[in-house]
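To start, the structure under review is shown below, and the notes come after it.
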Amino acid sequence: MYLTKTRVIIGDLFVLVVLGLMYSATKGFKENVLALSLVLLVLVARSIYYHVNWYKTTKRIY
């Protein structure tokens, strides 16, 4: 897997989108909170993994 700056940024955007969905889902659909929390957990772990590998490769944050 070739890690690019775009992949790191898109991973962060996915986390923000899921946070927005989670915020909107908690207003009326309380049963989806667990599912969205698990998705958010996976995306945050993936984003951290991408950031660590990007930093090891380039010695820059972005």
Side-chain angles (χ1 to χ4, degrees):
M1 176 180 79
Y2 185 68
L3 189 62
T4 62
K5 185 177 181 180
T6 304
R7 183 174 288 197
V8 173
I9 292 171
I10 294 295
D12 292 341
L13 289 176
F14 280 154
V15 171
L16 292 176
V17 166
V18 170
L19 278 173
L21 287 173
M22 192 171 176
Y23 176 74
S24 67
T26 55
K27 289 182 180 176
F29 307 110
K30 301 244 186 237
E31 66 273 1
N32 291 334
V33 174
L34 179 62
L36 286 174
S37 296
L38 293 174
V39 169
L40 181 65
L41 180 69
V42 169
L43 288 176
V44 167
R46 182 179 144 214
S47 181
I48 290 171
Y49 175 75
Y50 283 169
H51 275 280
V52 167
N53 283 337
W54 177 257
Y55 185 76
K56 283 181 181 178
T57 303
T58 63
K59 302 295 185 219
R60 292 182 294 159
I61 293 179
Y62 276 112

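Heads up: numbering here begins at 1 and tracks the sequence.
- For Leu40, the side-chain contact (heavy atoms from CB on, under 4.5 Å) partners two or more places apart in sequence, or in a different chain, are Val15, Val18, Leu19, Met22, Val44.
- Atom CD1 of Ile48 sits about 12.0 Å away from atom CG of Asn53, to the nearest 0.5 Å.
- Between Thr4 and Tyr2 the shortest side-chain heavy-atom distance falls below 4.5 Å.
- Looking only at side-chain heavy atoms (C-beta outward), Arg7 and Trp54 stay at 4.5 Å or farther from each other.
- When every heavy atom of His51 is checked against every heavy atom of Ile61, the shortest pair comes out as ND1-O, 4.2 Å.
- For Thr57, there are no side-chain contact (heavy atoms from CB on, under 4.5 Å) partners at least two apart in sequence or on another chain.
- For CG of Leu16, the number of neighbouring non-hydrogen atoms (other residues, nucleotides, ligands) closer than 6.0 Å is greater than 12.
- Within the 4.5 Å cutoff, no side-chain heavy atoms of Thr58 are placed close to those of Lys5.
- Leu3 and Val42 sit in two unconnected hydrophobic clusters of ILVMFWY residues. Membership requires side-chain heavy atoms under 4.5 Å apart, directly or through other members.
- Residue Leu41 is not grouped with residue Leu43 when hydrophobic side chains (ILVMFWY) are merged at heavy-atom distances under 4.5 angstrom, including chains of intermediate members.
- The hydrophobic cluster containing Ile10 also contains Val52, counting ILVMFWY residues as joined when their side-chain heavy atoms lie under 4.5 angstrom apart, directly or transitively.
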